[in-house]
There are 2 protein chains.
Amino acid sequence: MCVIISLTEENYLKAIYTLSHLFEESEVSTNQISDHLNNKAATVTDMLKRLAEKKLIHYIPYQGVKLTEKGRQTAIKVIRKHRLWEVFLVDKLQFKWDEVHEIAEQLEHINSDELIQRLDKFLGKPKFDPHGDPIPDANGQLNVVKAIPLNQHKIKGQFTFVGVCEHSKTFLQHLTSIGLKIGDVLKVEEINEFDNSFKVKINKNNSQFFSNKVASNILVEIKK
Amino acid sequence: MCVIISLTEENYLKAIYTLSHLFEESEVSTNQISDHLNNKAATVTDMLKRLAEKKLIHYIPYQGVKLTEKGRQTAIKVIRKHRLWEVFLVDKLQFKWDEVHEIAEQLEHINSDELIQRLDKFLGKPKFDPHGDPIPDANGQLNVVKAIPLNQHKIKGQFTFVGVCEHSKTFLQHLTSIGLKIGDVLKVEEINEFDNSFKVKINKNNSQFFSNKVASNILVEIKK
DNA sequence: CTTAAAATTTAGGCTAGTCTAAATTTTTGT
DNA sequence: ACAAAAATTTAGACTAGCCTAAATTTTAAG
């Protein structure tokens with residue numbers, strides 16, 4: 001029941017979880033993991049053997065890897081902690097949304113169920129983190145986000161900005177400089193046929209152009 | 001300037017700091033450290049060599065060890081983080097004072113100056129942790145507590161309860177069950193000559209007896 | 001369908017941090 | 001002051017995580 005899972009192992013499980021959702025394939029490869037975690041394939045192979053030993057993954061040599069239910073629960077719990085701490089950092093300590101990732105990467109490994117339960121309550125049981133990513137509940141249930149990138153809507157109309165695909169500091173800072181925050185209403189007034197840029201009005205402000213690249217990393221829902 | 005200090009090294013520095021203050025001697029011995037950290041003397045010797053290499057301690061084989069200024073600053077910073085997080089856990093998350101130590105032992109190693117600065121501000125720049133221990137300031141200055149154990153006052157009179165010598169869960173729970181909290185006023189009405197127990201009134205409540213052992217672990221100041 | 005390229009694993013080595021057992025140094029008791 | 005006890009260090013071994021280089025397996029291209 002209570003196998004001890006190290007910080008490093010938690011990071012591997014999180015990586016496998018993230019990659020399997022990123023590419024919408026259940027099997028994740030050794031190279032995908034080594035790229036994601038910035039270490040060597042041989043190192044990953046070592047760890048996969050250990051994780052399989054602990055029944056946290058299903059591992060077939062040369063084939064790939066996927067999480068067991070126990071592995072998935074562990075990964076989800078780390079993600080829950082990461083996102084709750086991000087809410088804490090932004091809502092309570094007034095960090096900006098582009099400043100919290102590195103600190104949350106540390107805090108996500110703090111091990112105390114009681115702490116997380118109380119932190120969740122203290123924050124008002126938030127459903128989304130500062131980047132719009134859903135926070136898994138205490139039972140490991142995760143809302144599936146049905147939002148899609150702005151550039152996949154080929155029509156004019158009104159949308160709500162609910163999340164980002166790209167989480168890099170530079171992209172988030174760019175959105176801040178544009179004046180865009182989670183929850184803003186985006187009115188697409190024009191889609192430029194030449195470069196597929198989007199002419200957009202944020203809330204009631206002046207309209208401006210979003211490059212297709214920016215539009216492809218902004219998740220929106222059709223405004224109700 | 002920026003030597004990386006591991007979590008384990010931080011724990012050794014904190015142990016050396018704590019022990020040197022506990023026994024009011026600048027030199028700390030290998031055995032004291034190994035007892036305090038629950039590992040073997042040989043393990044400690046290894047680590048002392050590494051810490052000396054990094055100029056965090058002055059180490060003379062067979063003689064003992066003391067912190068360099070850099071080692072002291074590092075230790076103090078860990079203690080500052082530990083105590084600030086304890087305030088967070090008690091004041092914001094409503095943990096009890098006997099529940100926070102283990103979690104703070106983890107949180108004290110989170111590495112972000114910006115985080116600590118903001119946490120400090122969020123908590124209202126507290127000067128003491130939930131057990132009455134002083135919180136070092138951002139420059140590593142630590143208020144010296146001039147309180148002494150209740151049983152060293154051989155006289156009747158009024159005192160303020162400002163801290164504890166013993167931080168164990170059972171002792172803290174015992175104080176809670178007695179109804180004693182930091183800041184309470186203690187009126188010593190009688191000192192029993194037979195067993196050196198203290199008849200004490202807490203605030204305006206009924207008086208009760210404190211064993212000498214309890215009295216020796218309660219830090220008080222003479223009430224102004 | 002065969003072979004070159006790509007992906008993966010194996011083999012062997014490194015460091016940090018731990019241990020036990022043996023050797024050494026310091027302290028203490030008479 | 002000297003032997004026994006206590007404290008400390010050295011030597012050698014182990015695990016977790018990482019690495020490089022070589023071997024193996026899978027994939028892909030002609």
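Note: hydrogens, waters and symmetry copies are ignored here, and every other heavy atom, side chains too, is used. Residue numbering restarts at 1 for every chain, and letters A, B, ... go by the order of the sequence lines.
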Sequence-distant partners of His82(B), ring pair (Phe, Tyr, Trp, His ring centres under 6.0 Å), two or more places apart: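 With neighbours one apart ignored, the set is His101(B).
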
For DNA chain D, which consecutive runs of 3 or more Watson-Crick or G-U pairs (each distance under 3.5 Å) count as stems? C:1-30 with D:1-30

Outermost DNA chain D nucleotides near chain B [under 4.0 Å, heavy atoms]: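 For DNA chain D, the relevant span reads dA7(D) to dT10(D).
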
Is the NZ or CZ atom of Arg118(A) positioned over Phe95(B)'s six-membered ring, under 6.0 angstrom from the centre and within 45° of the axis? yes

Grab the CG-C1' distance between Asn31(A) and dA6(C) for me, whole Å please.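 In whole Å, dA6(C) C1' and Asn31(A) CG are 8 Å from each other.
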
Carefully, step by step, assess Arg80(B) and Glu108(B) under the rule salt bridge (Lys or Arg N to Asp or Glu O under 4.0 Å). CA-CA 8 Å; Arg80(B) 172 169 160 80; Glu108(B) 71 187 8; over 6 Å; no

More than 12 foreign heavy atoms under 6.0 Å from NZ of Lys92(B): is that the case here?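 Yes, NZ of Lys92(B) has more than 12 neighbouring heavy atoms, counting only those of other groups under 6.0 Å.
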
Identify all pairs in which a protein N or O lies below 3.5 Å from an N or O of nucleotides 13-18 of chain C, and state each distance.
{"unit_1": "dG17(C)", "atom_1": "OP1", "unit_2": "Ser6(B)", "atom_2": "OG", "d": "2.6"}
{"unit_1": "dG17(C)", "atom_1": "OP2", "unit_2": "Arg50(B)", "atom_2": "NH1", "d": "2.4"}
{"unit_1": "dT18(C)", "atom_1": "OP2", "unit_2": "Tyr12(B)", "atom_2": "OH", "d": "3.4"}
{"unit_1": "dT18(C)", "atom_1": "O4", "unit_2": "Asp46(B)", "atom_2": "OD2", "d": "3.4"}

Test: Glu10(B) and Lys77(B) ion pair at under 4.0 Å: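 Looking at Glu10(B) and Lys77(B), the cut-off is not met.
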
Indicate the atoms forming the closest heavy-atom contact of Val3(B) with Lys54(B), along with that distance. CG1-CD, 3.7 Å

Between Lys127(B) and Asp137(B), is there a salt bridge with N-O shorter than 4.0 Å? no

For residues 19-49 of chain A, pull every pair meeting ring-ring contact (aromatic ring centres under 6.0 Å, His included), keeping only residues two or more places apart or in separate chains.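 Qualifying pairs, neighbours excluded: Tyr17(A)-His21(A).
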
Test of understanding: with ring pair (Phe, Tyr, Trp, His ring centres under 6.0 Å), list the residues that count as partners of Tyr59(A), not counting sequence neighbours. none

May I ask you to decide if the ring planes of Phe88(B) and Trp85(B) are parallel, tilted or perpendicular, using 30° and 60° as cut-offs?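 Correct class here is perpendicular.
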
By the 4.0 Å heavy-atom rule, please label Thr45(A) as base, sugar-phosphate, or nothing.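 Counting heavy atoms under 4.0 Å across all strands, the contact made by Thr45(A) includes a base.
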
